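Read through the structure below, which is laid out as structure tokens, and then see the notes.
One-based numbering, in listed order, for ligands and for the atoms of each. Given the structure is predicted, the values throughout are model-derived calculations rather than measurements.
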Amino acid sequence: MGIVSPGFFGRRRSGDVKLPPGQYLTHDFPVLSAGPTPRIDLDGWQFYVSTENGQRKRWSWQELTSLPSEDITTDIHCVTKWSKLGTQWKGVAVETLLAEVETASDYVMAHSYGGYTTNIPLEDLLNGQAWIAYQYDGEPLQPQHGGPARLLVPHLYFWKSAKWVHGLELMLADESGFWETAGYHDYGDPWREQRYQGD
Ligand SMILES: Nc1nc2c(c(=O)[nH]1)N[C@H]1C(S)=C(S)[C@@H](COP(=O)(O)O)O[C@H]1N2
Ligand SMILES: [Mo]
């Protein structure tokens with residue numbers, strides 16, 4: 001018999017759930033919004049990616065939802081300490097959208113309808129780590145949770161998952177978004193408990 005018993009790692013049994021430090025488990029789906037829920041009609045809805053050259057690529061609702069989509073099952077972690085396991089989403093991988101633009105940028109500002117912003121390193125949006133999600137639990141994403149579509153970046157604290165996402169601005173230098181300017185951590189890795197600046 002080896003030193004490590006097979007099956008010891010990678011299991012998810014109740015009572016054996018691994019949460020990031022300081023987090024607790026919730027089964028409901030809290031709503032956290034810094035302002036009112038914007039109502040965006042799908043005919044006027046648009047998603048864009050802008051580059052440091054002033055290039056701007058745009059997708060209508062019809063165009064975005066016609067792109068290849070992925071089903072995502074993932075845990076989410078809010079900086080206010082709730083975590084929710086095994087949430088189910090459908091959306092378009094950010095790399096699918098970024099494949100259509102040329103950029104030398106390493107940083108991204110996500111912009112939401114309503115004015116919310118949050119910054120994320122570009123590499124954290126690639127390689128199956130981030131989506132423009134438009135379904136939750138098999139249903140259209142509800143307005144209070146960011147519908148019609150939100151950014152989903154589940155490996156970072158959930159404030160990085162901009163609801164009512166409107167576009168991604170590619171930037172040569174890092175800049176702070178809404179909560180980052182207010183003292184939240186620039187990066188926000190829940191496993192390193194990067195809640196606030198200096199963590
Ligand atoms: N546009 C926008 N996106 C946002 C927020 C917000 O206030 N406005 N709050 C963030 C925070 S702090 C969290 S925890 C999650 C909450 O998402 P939920 O309301 O679907 O749980 O959305 C994030 N995205
Ligand atoms: Mo949050």
* **Heavy-atom side-chain contact between Phe47 and Glu63 under 4.5 Å** => no
* Asked: Backbone, side chain, both or neither: what part of Tyr116 comes under 4.0 angstrom of ligand 1, heavy atoms only?
  -> side chain
* So which protein heavy atom does atom 23 (C) of ligand 1 come closest to, and at what separation? -> Phe158 O, 3.3 Å
* Structure fact -> protein heavy-atom neighbour closest to atom 21 (O) of ligand 1 works out as Pro30 O, 2.6 Å
* **side chain to side chain donor-acceptor pair (under 3.5 Å) partners of residues 28-39, not counting sequence neighbours, each pair once** => Thr26-Asp28, Ser33-Lys163
* To do: Show which atoms of ligand 1 fall inside a sub-4.0 Å distance from at least one heavy-atom site of Trp82.
  => 21 (O)
* Mind telling me whether Phe29 and Trp82 have parallel, tilted or perpendicular rings, with 30° and 60° as the class edges? => perpendicular
* Structure fact -> Within the 4.0 Å heavy-atom cut-off, what Arg150 brings close to ligand 1 is side chain
* Asked: Do His145 and ligand 1 have an N or O pair less than 3.5 Å apart?
  -> yes
* Asked: Where does Tyr157 meet ligand 1, judged by heavy-atom distances below 4.0 Å: at the side chain, the backbone, both, or neither?
  -> neither
* Where is the nearest protein heavy atom to atom 19 (O) of ligand 1: which residue, which atom, and how far? -> Lys163 NZ, 2.6 Å
* To do: Compare Thr26, Val153, Leu32, Val31 and give the one whose heavy atom is closest to atom 9 (N) of ligand 1.
  => Leu32
* Do Leu64 and Ile40 belong to the same hydrophobic cluster, where Ile, Leu, Val, Met, Phe, Trp and Tyr are linked whenever their side-chain heavy atoms lie under 4.5 Å apart, directly or via other members? -> yes
* Salt-bridge present (Lys160, Glu180; N to O < 4.0 Å) -> yes
* Indicate yes or no: does an N/O atom of Ala162 lie under 3.5 Å from an N/O atom of ligand 1? => no
* Asked: Just wondering, do Ser69 and Tyr134 contact through their side chains at under 4.5 Å, heavy atoms?
  -> yes
* Linking I/L/V/M/F/W/Y whenever their side-chain heavy atoms sit closer than 4.5 Å, directly or via other members, would Leu125 and Trp164 fall into one cluster? -> yes
* Sequence neighbours left out, what passes side-chain contact (heavy atoms from CB on, under 4.5 Å) with Leu19? Give chain and number order. => Val17, Gln23, Leu25, Ser83, Leu85
* Structure fact -> Within the 4.0 Å heavy-atom cut-off, what Tyr113 brings close to ligand 1 is neither
* To do: Please answer: with hydrophobic residues joined when any side-chain heavy atoms are less than 4.5 Å apart, are Val92 and Leu98 in the same cluster?
  => yes
* Asked: Which residue supplies the protein heavy atom nearest to atom 7 (O) of ligand 1, what is that atom called, and how far is it?
  -> Ala34 N, 2.6 Å
* Asked: Which bit of Ser112 is near ligand 1, meaning a heavy atom under 4.0 Å away: side chain, backbone, both or neither?
  -> side chain
* **From Thr65, Leu151, Leu67, Thr96, residue fulfilling side chain to side chain contact (heavy atoms under 4.5 Å, CB included) relative to Ile132** => Leu151
* What atoms in ligand 1 come closer than 4.0 Å to a heavy atom of Trp164? -> 1 (N), 2 (C), 8 (N)
* Who's the nearest protein heavy-atom neighbour of atom 11 (C) of ligand 1, and how far? -> Trp159 CA, 3.6 Å
* Asked: How far is atom 14 (S) of ligand 1 from its nearest protein heavy atom, and which residue and atom name does that atom have?
  -> Cys78 SG, 3.2 Å
* Asked: When you look for heavy atoms under 4.0 Å from ligand 1, do you find them on the side chain of Phe178, its backbone, both, or neither?
  -> neither
* Scan Tyr196, Phe158, Tyr184, Tyr157 and name whichever one has a ring pair (Phe, Tyr, Trp, His ring centres under 6.0 Å) with Trp179. => Tyr184
* To do: Identify which of Gly177, Ser161, Ser33 has a heavy atom lying nearest to atom 24 (N) of ligand 1.
  => Ser161
